[in-house]
Amino acid sequence: MDTAKELTQRFLRDIEKASSLQDLEDIRVSALGKKGHLTLLMKDLGQKSPEERRVVGAELNRLKESLTQAIDTRKIELEDLVLNARLASEMLDISLPPRPQPKGKIHPLSHVMDQTIHIFGQMGFVVKEGPDIEEDFYNFTALNIPPEHPARQEQDTFYLPAFSEQQPLVLRTHTSPVQIRTMLKEKPPIRIIALGRTYRSDYDATHTPMFHQIEGLVIDTKTHMGHLKGCLEEFCRLFFEDPNLKLRFRPGYFPFTEPSAEVDIWWKGSTWLEILGCGMVHPNVLRNCDIDPDLYQGFAFGMGLERIAMLKYGIEDLRLFYESDLRWLNHYGFDAEVRE
Ligand code: DAH
């Protein structure tokens, strides 16, 4: 019997020292498995007298019980160790904030272009486009700006190398050439706007070498300056969201219009600000486009898009429009809106 007790003590110590579930299983097999030490002692009971069998059997059962309990306890401890090790190595920090999903903003200039197209669209204007690289003829000559005309110098033109036998190419200095392209292609009545990039060699807080303009052109049989005034008043009041906005038409000069005017708006009850140029299309321009000035007249206007965006949204420096600074874009940009 002492052997059984000693055996059990040894197994109990081994169980306590077991450092893995496999070790523990080996100990269990060696003590209580089919051919385990205690199992064999149990089997030996058959040889004993009934009296001995009762005493020794009870003792063996007790020892077996204590081993089983010790194994179960150690098993739970070892399983905990394994689990804790896994938890430590596979830690999932659910307190981490989710990855941000950046939401884009509409650039203020795109927003202003959308608004402009929308307002003129409601007045029946359609949008036309022209190339950024323009021929001298469309950018200047056809607009009544002949080669020696001082207006050519005023516009700080970027010239491009001409292909042989072709006339000089320029980066268009205004959107007015789209007028010419349209009139050469389409018969009146014409009612178009053209928006897009324009280029001049100039750089400061209110000038960048690339900027945007919107051009408007209306040609019909009985068009007069009253229509021009009404059209621009309507646009400015809708765009600046002020139904009482005051406009002032000052005499101006453009080679492609006669008479010409510059338009100011009365800004925040304190000052006149110039926002656009306009006029009645010059008869020479109509003739250059094979339109008979005795039958048709029309008006045209041109406006800087950055300028009206800066005024409407209080943006101070034009250069920031093109820096792609996300902080600026988040501040001045617009959420996408669904327009029905
Ligand atoms: N093209 C002119 C400019 O860039 C703006 C302009 C003035 C356009 C009068 C017009 C106009 O169509 O009639 O300064």
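Side-chain atoms are counted along with the backbone in the values below, which use heavy atoms only and exclude waters and symmetry mates. Order of appearance sets the numbers: ligands from 1, and atoms from 1 within every ligand.
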- Salt bridge check: are Glu59 and Arg54 linked by an N-O gap of less than 4.0 Å?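 A salt bridge is absent here (no side-chain N lies under 4.0 Å from a carboxylate O).
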- Charged N-O contact under 4.0 Å between Asp325 and Arg327: yes
- Task: Tell me, yes or no, whether the heavy-atom count around Lys229 atom NZ, taken from other residues, nucleotides or ligands under 6.0 Å, exceeds 12.
- Result: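 Atom NZ in Lys229 is not packed in, count stays at 12 or less.
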- Just checking, is any N or O donor in the side chain of Asp26 or Gln22 under 3.5 Å from an acceptor N or O on the other one? yes
- Does any donor atom in the side chain of His212 or Glu306 lie under 3.5 Å from an acceptor atom in the other side chain?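 Yes, a side-chain donor-acceptor pair sits under 3.5 Å.
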- Residues at least two apart in sequence or cross-chain that pass side chain to side chain contact (heavy atoms under 4.5 Å, CB included) with His227, listed by chain then number, are Thr223, His224, Phe299
Kindly print each ligand 1 N/O atom paired with any protein N/O atom under 3.5 angstrom away, one pair per line, or none if nothing qualifies.
unit_1, atom_1, unit_2, atom_2, d
ligand 1, 1 (N), His174, ND1, 2.9
ligand 1, 1 (N), Ser176, OG, 3.0
ligand 1, 4 (O), Arg200, NH2, 2.8
ligand 1, 4 (O), Gln213, NE2, 2.9
ligand 1, 12 (O), Gln179, NE2, 3.0
ligand 1, 12 (O), Glu215, OE2, 2.5
ligand 1, 12 (O), Phe301, N, 3.4
ligand 1, 12 (O), Phe301, O, 3.4
ligand 1, 13 (O), Ala300, O, 3.2

